[in-house]
Number of protein chains: 2
Amino acid sequence: MEAALTLVGNGRHFASLGIREVTRQAEVVPTSFYRHFTNMDDLGLQLVDELAVVLRQMMREARSNVVQAEKLMDESVAIFITHVQANRNFFTFMAQGLAGESQAIQEGIRSEMQFFASELASDLRRLRLDEHLSDADLYMTCDLVVRTVAFSLTDILAVSPQDDEQLNRIRQQTTQFLRLIFVGADHWVSH
Amino acid sequence: MEAALTLVGNGRHFASLGIREVTRQAEVVPTSFYRHFTNMDDLGLQLVDELAVVLRQMMREARSNVVQAEKLMDESVAIFITHVQANRNFFTFMAQGLAGESQAIQEGIRSEMQFFASELASDLRRLRLDEHLSDADLYMTCDLVVRTVAFSLTDILAVSPQDDEQLNRIRQQTTQFLRLIFVGADHWVSH
DNA sequence: CCTCTATGTGCACAAGTGTTCACATCTTGT
DNA sequence: ACAAGATGTGAACACTTGTGCACATAGAGG
């Protein structure tokens with residue numbers, strides 16, 4: 001799995017990886033592959049499971065680090081970018097999987113994002129923000145937030161990890177997006 | 001190119017396609033491939049060029065069909081979904097390319113989206129909507145709109161083309177997203 | 001009509017691929 | 001210490017792959 005991630009991080013697309021290629025990178029004989037996975041899709045699915053762990057760690061850190069609502073967005077986005085940098089290959093795999101060729105992997109990532117959105121909604125409720133929103137409208141807002149951040153993933157991955165200037169631009173842009181969404185949520189009237 | 005699109009529409013990922021595979025689908029001998037392209041990346045780039053045409057057609061249709069600002073969003077989203085259905089393979093290719101393995105293809109699609117966003121900004125200016133927004137803020141809003149719609153692409157492509165119920169749900173959801181964004185834009189204060 | 005260019009073909013080759021099987025080795029619980 | 005299960009190995013197989021070459025054909029402009 002680590003070998004596959006390395007290849008993905010090296011510019012390859014997961015869908016184009018072969019068994020022999022992965023085992024070569026893992027410095028293991030091709031036959032060994034079958035001791036752990038039945039095919040590449042299987043490996044991908046297990047990667048999704050590990051991705052879930054990475055995302056939850058990130059969520060935990062965001063929860064404990066965000067103190068006041070004022071800087072909520074700036075800090076969350078900053079934490080997101082930090083985690084993407086620290087797990088670049090994982091997040092590359094995630095970005096690829098969103099439109100990948102395995103429907104199962106796609107669903108896995110998608111459901112992980114939904115989970116993230118509902119957790120975010122709970123958190124906002126707990127912080128007593130956006131109290132005028134119905135549950136459905138709050139969830140919709142969070143869904144849009146998660147999508148926006150997920151999309152900015154492709155921006156982050158497209159620039160070199162050392163290019164702090166560009167990263168800063170992306171960070172500000174993403175924060176602006178979220179700000180815009182929450183201004184919308186503040187003035188939202190259901191119907 | 002058509003053969004490649006067919007394979008992509010059949011569930012394959014563009015990055016995993018081989019020359020022989022494509023020529024087989026095109027009912028042509030592998031050697032013929034080299035008469036038109038130097039490698040698969042080259043083919044992909046030409047697909048991006050054609051994608052640009054498809055997108056511009058869609059934009060043109062949206063411009064001519066949207067009459068009053070009231071139903072602007074509903075109609076635009078509806079047109080988008082119609083075009084995705086009519087060019088499913090093209091849009092699947094686009095969704096894949098956003099996190100694909102060819103950096104050139106990625107940039108092509110990305111720049112196409114930017115172009116779309118700036119055209120949208122011009123249109124809104126022309127319709128005298130959101131006049132209180134600075135150019136930069138208006139562009140940011142349009143960028144977010146384009147990203148949101150692009151993301152909903154993955155939703156559309158994930159459901160069967162005949163599943164009208166799900167498609168309707170996606171249509172409504174996307175429209176809600178846009179509505180939320182524009183409510184935000186309405187109350188946006190620059191700083 | 002005839003030539004030139006674009007496109008398609010058949011064949012060949014070396015290299016890479018997924019998967020199998022029988023056999024070796026390591027790790028772990030008792 | 002030892003049995004058992006998990007993991008790794010090497011050789012082998014039938015295919016598929018990308019790409020090069022010499023040759024055929026078709027269509028268009030003079």
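All values derive from a computational prediction rather than experimental measurement.
- Using cut-offs of 30° and 60° on the angle between ring planes, the pair A:F151 and B:F151 is tilted.
- Atom CZ of B:F37 and atom P of C:dG8 are 10 Å apart (whole Å).
- Side-chain contact annotation: A:H83 with A:E61, donor-acceptor N/O pair under 3.5 Å present.
- Side-chain contact check for A:Q57 and A:R60: no donor-acceptor pair (N or O, by modelled atom type) lies under 3.5 Å.
- Whole-Å rounding puts the B:H36 NE2 to D:dG18 C1' distance at 17 Å.
- A side-chain N or O of B:Q103 and one of B:E107 form a donor-acceptor pair less than 3.5 Å apart.
- By the 30° and 60° cut-offs, the orientation of the rings of A:H187 relative to B:H187 is parallel.
- No hydrogens or angles considered: a donor-acceptor pair under 3.5 Å links the side chains of B:R12 and B:S16.
- For DNA chain D, no neighbouring residue in residues 3-11 of chain B is found when judged by any heavy atom under 4.0 Å.
- Taking OG of A:S190 as the reference point, atom NE2 of A:H132 lies at 9.5 Å (rounded to 0.5 Å).
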Does the protein touch nucleotides 16-23 of chain C at the base, only the backbone, or not at all? Give it as B, S and - per nucleotide, heavy atoms under 4.0 Å. -BBBBBBB
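- Summarising the local packing, CD of B:E2 is surrounded by 12 or fewer heavy atoms from other residues, nucleotides or ligands at distances under 6.0 Å.
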